[in-house]
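For this chain, numbers begin at 1 and follow the sequence in order.
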Amino acid sequence: MRTDIKSGRTVRQSGIELLRIIAMYLIVAHHMVNHNSFDFLGQDNSFRKVILSLFKYIPGKIGIALFFITSAWFLSSGNQSLKKSCRKIWKLERAIVFWSLTALILQYHLDPGTIHLQQIISALFPTVTQLWWYTTCYVLFLIFLPFLNLSFLKKK
């Protein structure tokens with residue numbers, strides 16, 4: 001969303017929001033094909049095999065790139081300071097720690113023998129240990145964003 005200078009109202013950017021929704025769909029479809037227990041490549045040639053193989057590699061990568069670009073678009077439109085970036089990182093980190101600990105507790109209840117010290121450390125510090133790679137990259141982007149915005153403003 002951007003603020004209209006004349007009226008001071010917030011204007012939705014439906015096209016970019018739609019692009020972000022499409023990116024999310026591509027990422028979810030890619031994960032459903034790649035991280036599924038069903039071996040679709042092992043089955044006979046069929047229409048389903050052709051359709052599923054289309055989501056094996058490329059759409060996930062395109063979805064990630066589109067999602068990151070649209071996120072950068074929305075973030076770069078405002079006045080981003082290092083303090084604001086740190087606040088966003090803190091909010092994100094709290095959510096990530098919550099979900100990583102929830103997953104660890106669930107894993108402990110389902111199969112206690114599979115828990116190792118490295119998993120506990122990763123659950124407590126998910127961004128630093130790169131438990132989920134996209135979160136770590138996004139945090140690094142948030143750290144560098146104020147400096148990128150400054151360099152773009154100087155070029156104008």
Side-chain angles (χ1 to χ4, degrees), residues 1-2 10 12-78 80-149:
M1 289 194 238
R2 294 206 185 242
T10 303
R12 293 186 71 93
Q13 296 180 336
S14 301
I16 295 178
E17 290 174 1
L18 178 63
L19 189 62
R20 199 171 196 187
I21 291 169
I22 292 170
M24 285 185 240
Y25 173 75
L26 290 173
I27 293 167
V28 169
H30 171 78
H31 279 97
M32 287 181 68
V33 170
N34 276 349
H35 304 291
N36 194 346
S37 60
F38 177 69
D39 182 26
F40 70 90
L41 289 176
Q43 64 179 327
D44 295 334
N45 289 334
S46 65
F47 183 70
R48 181 180 11 172
K49 180 179 179 179
V50 171
I51 295 299
L52 290 175
S53 64
L54 291 175
F55 286 97
K56 180 79 174 150
Y57 302 107
I58 304 291
K61 307 302 180 197
I62 292 171
I64 290 167
L66 287 176
F67 191 81
F68 182 80
I69 290 168
T70 54
S71 297
W73 174 264
F74 286 121
L75 287 171
S76 67
S77 63
Q80 192 71 20
S81 66
L82 190 57
K83 187 176 182 178
K84 286 181 182 178
S85 288
C86 287
R87 274 194 214 126
K88 287 182 182 184
I89 291 169
W90 176 241
K91 285 176 66 175
L92 177 65
E93 186 67 21
R94 288 184 303 184
I96 295 299
V97 167
F98 171 78
W99 287 111
S100 64
L101 287 175
T102 302
L104 185 71
I105 291 167
L106 182 66
Q107 182 182 357
Y108 178 76
H109 284 295
L110 293 175
D111 192 7
T114 61
I115 303 293
H116 304 294
L117 180 61
Q118 179 62 33
Q119 288 175 300
I120 296 169
I121 293 170
S122 291
L124 291 172
F125 306 105
T127 304
V128 176
T129 60
Q130 299 179 6
L131 181 61
W132 294 299
W133 69 269
Y134 188 83
T135 308
T136 304
C137 293
Y138 189 73
V139 164
L140 289 173
F141 174 71
L142 285 175
I143 290 170
F144 288 112
L145 182 63
F147 305 108
L148 291 172
N149 281 344

Worksheet, complete the sentence: Between Ser100 and Leu131, the two heavy atoms sitting closest are CB-CD2, 3.6 Å
Worksheet item: Looking at residues at least two apart in the chain, or sitting in another chain, which of them share a side-chain hydrogen bond (donor to acceptor under 3.5 Å, both in side chains) with Ser14?
Response: none
Item to complete: Could you tell me whether the side chain of Ile64 reaches within less than 4.5 Å of the side chain of Trp133, counting heavy atoms only?
Response: yes
Discussion item. With a 4.5 Å cut-off on side-chain heavy atoms, are Leu104 and Leu124 touching?
Written reply: no
Discussion item. Working to the nearest 0.5 angstrom, can you tell me the gap between Ile105 CD1 and Ile115 CD1?
Written reply: 9.5 Å
Discussion item. Testing the basics here: between Leu101 and Ala123, what is the closest heavy-atom pair and its distance to 0.1 Å?
Written reply: CD2-CB, 3.9 Å
Worksheet item: If you look only at pairs with a residue in residues 84-131, which of them pass as a ring-ring contact (aromatic ring centres under 6.0 Å, His included), with sequence neighbours excluded?
Response: none
Worksheet entry | Results of side chain to side chain contact (heavy atoms under 4.5 Å, CB included) for Ile58 - residues two or more places apart only | Ile62
Worksheet item: So how far is it from Asn149 CG to Leu82 CG, rounded to the nearest 0.5 Å?
Response: 12.0 Å
Discussion item. How long is the straight-line distance from CH2 of Trp73 back to CD of Glu17, given to the nearest 0.5 Å?
Written reply: 12.5 Å
Discussion item. Is the shortest side-chain heavy-atom distance between Arg20 and Ser71 below 4.5 Å?
Written reply: yes
Item to complete: Starting at CG of Leu145, measure out to CD of Gln80 and round the result to the nearest 0.5 Å.
Response: 5.0 Å
Practice prompt. Hey, could you give me the CD1/CG distance between Ile121 and Leu117, rounded to the nearest 0.5 Å?
Written response: 4.0 Å
Item to complete: Could you tell me which residues satisfy ring-ring contact (aromatic ring centres under 6.0 Å, His included) with Phe141, sequence neighbours excluded, listed by chain and number?
Response: Phe68
Fill in: Value rounded to 0.5 Å, distance of CD1 in Ile21 from CZ in Phe67
10.5 Å
Worksheet, complete the sentence: By side chain to side chain contact (heavy atoms under 4.5 Å, CB included), Thr127 pairs with (sequence neighbours left out) Glu93, Thr135, Thr136, Val139
Worksheet, complete the sentence: side chain to side chain donor-acceptor pair (under 3.5 Å) pairs touching residues 22-33, sequence neighbours excluded, are His30-Asn34
Worksheet item: Shortest non-hydrogen contact from Val97 to Pro126?
Response: CG2-CD, 3.6 Å
Discussion item. Can you tell me if Met24 has over 12 outside heavy atoms packed within less than 6.0 Å of its CE?
Written reply: yes
Item to complete: Over all heavy atoms of both residues, which pair between Thr129 and Ser122 is shortest? Give the atoms and the distance, please.
Response: OG1-CA, 3.4 Å
